Amino acid sequence: FDLDPPTGAQPELESHPEYSPDNICSALLAIARELDIPQLDLTDAFRAQPPSEIFIAGDFHWSEAGQALAAREVAEFFRRIDPIPRSKQE
């Protein structure tokens with residue numbers, strides 16, 4: 001599965017040779033790792049799904065199923081990192 005935007009929504013690759021779907025978040029994720037800030041990369045979760053199910057047809061925006069996938073991944077991420085210690089939740 002390729003995370004490239006659909007035809008018509010792609011950047012002008014000649015003007016932006018550095019463009020790569022894999023580079024979209026890599027700099028931000030690297031900075032977060034360096035600063036020991038928890039990070040979530042949705043790339044693998046989205047690549048595991050058929051594009052026709054998670055993107056709006058002819059567009060690169062998430063469909064309702066894509067939004068639900070992202071929501072599940074974010075919820076699981078927050079359960080895993082437990083950003084608010086249990087003693088402070090009460």
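As the structure is a prediction and not an experimental result, all values here were calculated from the model.
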Rounded distance (nearest 0.5 Å) linking atom CZ of Phe46 with atom CD1 of Ile54: 5.0 Å
Side-chain donor/acceptor pairs under 3.5 Å, residues 27-42, sequence neighbours excluded:
residue	atom	partner	partner atom	Å
Asp41	OD1	Thr43	N	3.0
Asp41	OD1	Thr43	OG1	2.6

Salt bridge (Lys or Arg N to Asp or Glu O under 4.0 Å) pairs, two or more places apart, involving residues 65-76: Glu76-Arg79
